[in-house]
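All chains are named by letter (A, B, ...) in the order of the sequence lines, taking the proteins before the strands, and each is independently numbered beginning at 1. Only heavy atoms go into these numbers, but all of them, side chains included; no hydrogens, no water, no symmetry mates.
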Amino acid sequence: MDLVLNLAIWLPLAAAVPIAVLPGNGRRPRWIALAASGAVLLLSLVLAVNFQRAGVAGLQFGTHIPWIDLMGVSYSVGLDGLSLPMFLLNSLLVFLAVLISWNESRRTREYFALVLVLETAVAGVFAAQDFLLFFLFWELELAPMFLLIGIWGGARREYAAMKFILYTVAGSAFMLLGILMLYFAAPAPRSFSMLYLAAQQYAPAVQSLAWLLLFLGFAVKVPIFPFHTWLPDAHTEAPTAISVLLAGVLLKMGAYGLLRVNVGMLPEATQQAASTLAALAVINIVYGAFVAMMQTDLKRVIANSSISHMGYAVLGAAALTPAGIEGAVFQMFTHGTITGLLFMMVGLVYDRTHTRDIRVLGGLARRMPFIAVVFIIAGLASLGLPGLSGFVSEFLIFVGAFPVWQPATILAIATIVLTAGYILWLIERVFFGPERPDWQGLRDASRLEAVTVSLLVLVIVLVGVLPSVLADIVIPGVAPLAARYSG
Amino acid sequence: MSQVAWIIPAFPFVAFVLIAFGARRSPRLSGRLTIAGVLAAFVASILVLRETAAGNAVDQTLPWLRIGSEMTLPLGFQVDPLTAIMLIVVTSVSLLVQIYSTAYMHGEPGYARYYAVMALFTTAMLGVVLANNLLTIYMFWELVGLCSYLLVGHWHERPEAATAAKKAFLVTRVGDFGFLLGILLLFNATGTLKFTDIASMAASGRLAEAPLTVGILLVFCGAVGKSAQFPLHVWLPDAMEGPTPVSALIHAATMVAAGVYLMARTFPILEHSTTALAVVAAVGGFTAFFAATMGLVSSDIKRVLAYSTVSQLGYMMLAIGAGAMGAGMVHLFNHAFFKALLFLGAGSVIHLVHTNNMFEMGGLRHWRPLTFLAMTVAGASLAGIFPLSGFWSKDEVLLAVLNADWMNGTLRAALLVLALVTVLMTAFYIFRLIFLTFSGANRGHVDAHVPESSAMTAPLLILLVPSIASGLLGAPMIGNPLGTFFDSSFPQMHSPHMEFQPALALLSVALAIAGIIIAWAMYGRGKLTAGAAMTSLLHRRFLRALGRAWRGAQSRPRSGLL
């Protein structure tokens, strides 16, 4: 099984090579990309099926090969209950992103090659168990994303891509400092093994400083207020599939890092910072919702709702209770699928109407009943309707955070009313009301588009109705984290 | 049957799935699937009721989601008298409304979608009624709200409908914020979500007074939203933008009653806090009065009925707050039938004249004699005329307030006065509706070639039976069997002893008759023209002032976030 994991990480990168090298911009790139991402999705499902759910709390499918002995760097990968859901999410969303980009016609070789490089980078981040390896994968993600936004994006793509790269690189610099601090503060033998570094006791000052540095790196990615301003621009300018990946998996890297590194490795500092974290989370939740409500661009509504929803994940993490952390992981997974779906639906609407201006849209439900229904399902999932996955994660987070951060949780719950407000208002203005004459010729989703988005609907309903499917994987991953904070 | 009562919501759910994934291409088939699903649920509910009446109770819980290694979130259902009767109410009214809709919605482009959502609604509503814990009820509660959203906005190309749908969802969600918070608070304080467990902790004092009061009042916020109690009543009149059968089922008989049901279901918790009881009673009593005043001045036939529903739900809340859960539920039971009838009758009238404005109606008894007859009887029942069903349960509500001796004296007196004044107003507004619609000469346009369809009249006539007679089940002379049956859901409960008070009954009937006479004097006598109605003295002096104050009651929903 460890071979399967390594294959799932590296296959996309390997497939990117022939796409990039073979001449011609025809249909070949997308077929190779589809085959590679499809294979990775299957491999991830094989891993999920073989994942030991009961008893074993530790790492599974591990590979450990010494790499730079002198520095204690190793090629060390594996999955646990925290990373497997993210790993699955990545392979699912990249596969769907390839499908939704099927008609991309600009420089398809570069486009699909970069998407596949991105897949390997993100998969690596979630699987890496060596801190340096983690960082390398983290950095590997930047270049393809920069290019994908900067080349295939909308009108202000250069600005958005530059803003994205500046914020993230600044965050990475702090993160690297934090990693090195821990590396040098740990007793000999020098090692970047995350397991080893997590097991050490650090002096309070070291711990606090390292916590802050690492936090800055992750906070940019989540993004946590006030490091969020790159996000609406990047999401808005990116092409549909890239928005899906950006919101669906890249933001999860930040939240994952927060859980894996800050919460998992530096418990005392985390405890000290928890109240601040909860406060920041609530700012994200409330602020994101208000800003989303004010937008007139469809994509900006969804982008800002991401800020709000990621705040819930941070709140769950800040609770440091089993329910809270479990909820945070749930939220990371469900937000990835729900927001991914929302961005796809926005893309479908834009493809047809060539506008994202909510004030201009309206009455689309008549010509595009399927798109309207799926958009509404995604919206309902986003506002936390029971039976869909968003409710499960929000409820877990509330159960986990309520006893610990009461005022923050109350504000977070109150925001579900705001969320319902901007989502339903959006749906009303885009899909309901009288049809505009220009919409006469518009067509509903094609069969390929319908299948693509239906897959996500299926996942959203499945996790919403039978959350144990996911919980059985997540719980053994959360248990060791939560155990560090009980009593 | 009770052991597998979860199958009752499964029947309409299967219909929903079949319509959504295929049958929707054939509208006829879609309608029949929903009717078949609801019919199966109705038959199963009767079997369940028989077993429950024989003393069988069921309570089953399944683990749904583990939290860490210790905690589990449960899904579960129970069957007790409260549930068994509600199952009958929901499935029977739903069945009649689905049959009625085959004619009312005939030829509509969204026919299949309508029936799919109706089936889903019935599923969710049955889930609310069966749920045995706070989490389960909350989940179905929200799904019910979703279906209401989709059905109010059924004609989504009309901006008013789309806006009203959103408003309905958002306003109830404000209440649900409290509900969810209350669930978390009670869960945090007791470690359980199950109604019976929380109740026994409340009884034994292990759940302290403060979290109990705050927790149950937060849960009550959810009920205030769903049952359109003051100050969250604002969505219900706008929800009348939906098709009229939807108003009959969802916004009169079942969903809006879910808030009352929730307070009945949690009554064994609620009853341990006199503060919470008094708040429930005060909100209910005030809403009953306040909504009735709005019903006096509306010219839209459906809006009058909507305000009436809000007002009657207020009565039910008042009874529960006064400590008489059984009385509140008996009124819910009776109200479900006569109000569904009134709405379906209004639908048949609207079909005929294509307007909701009562001042453009008049004289419709000539075209719709059966509807006229049925609505008059149901209206008299709503007004509380002896011996129709509304009389008996309204009397129980009044008695409950009279007997709530633990309550602050001023509050109790105020609530009793409000409740009695409301009796007068209720009789007035409902007969104002009937006179404006059916008596005198026609003041507008009649689409005379629309025949009276039997699919529409048959449900009216069937509903006429309980509108007349269901109250006898709550008659004190034969020991109020229905109320006693409801009360037997909670053996530990302190149920108030209520003696029939002839003087009180006489007073309320006298007030009702007075209301009818005033309505007759203003709207029924002679040939009423729109102008004449406006110039009557009472109208000028009082109702106009009220009309100005309640201008919001008249206006239709505007676009905007809210």
With a 4.5 angstrom heavy-atom cut-off, which part of [X] approaches chain B: side chain, backbone, both or neither?
X      : value
A:L380 : side chain
A:A420 : both
A:V478 : neither
A:I410 : both

So for [X], is it side chain, backbone, both, or neither that comes closer than 4.5 Å to the heavy atoms of chain A?
X      : result
B:L135 : side chain
B:Y149 : side chain
B:L184 : both

B:T34 side chain to B:G31 backbone, donor-acceptor under 3.5 Å:
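No.
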Does the A:W439 side chain pair with the main chain of A:G363, one donor and one acceptor, at a distance under 3.5 Å?
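No; judged by distance alone, with no hydrogens or angles, the pair does not exist.
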Return the orientation label for the A:F391 and B:W64 ring planes: parallel under 30°, perpendicular over 60°, tilted otherwise.
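It falls in the tilted class, 30° to 60°.
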Using the ring of each side chain (for Trp, its six-membered ring), is B:F13 parallel, tilted or perpendicular to B:F16, with breaks at 30° and 60°?
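Aromatic pair B:F13/B:F16 classed tilted.
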Can you tell me which of [options] forms the most heavy-atom pairs within a distance under 4.5 Å of chain B?
options                        : result
A:F398, A:F402, A:F395         : A:F402
A:V474, A:I376, A:L383, A:L396 : A:L383
A:A471, A:P322, A:P403         : A:P403

State, with a plain yes or no, whether a side-chain heavy atom of A:L364 is found less than 4.5 Å away from one of A:L442.
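Touching, per the 4.5 Å side-chain cut-off.
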Tell me, out of B:R66, B:E142, B:R113, who's got the most heavy-atom pairs with chain A below 4.5 Å.
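Most heavy-atom pairs within the cutoff with chain A belong to B:R66.
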Does the ring center of B:H156 lie less than 6.0 Å from the ring center of A:F431?
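When the ring centroids of B:H156 and A:F431 are compared, they turn out to be at least 6.0 Å apart.
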Between B:D238 and B:K167, is there a side-chain N and carboxylate O pair less than 4.0 Å apart?
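Result for this pair is yes, salt bridge flagged.
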B:F177, CZ atom: more than 12 neighbouring heavy atoms under 6.0 Å:
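Yes - once you tally the heavy atoms of other residues, nucleotides and ligands closer than 6.0 Å, there are more than 12.
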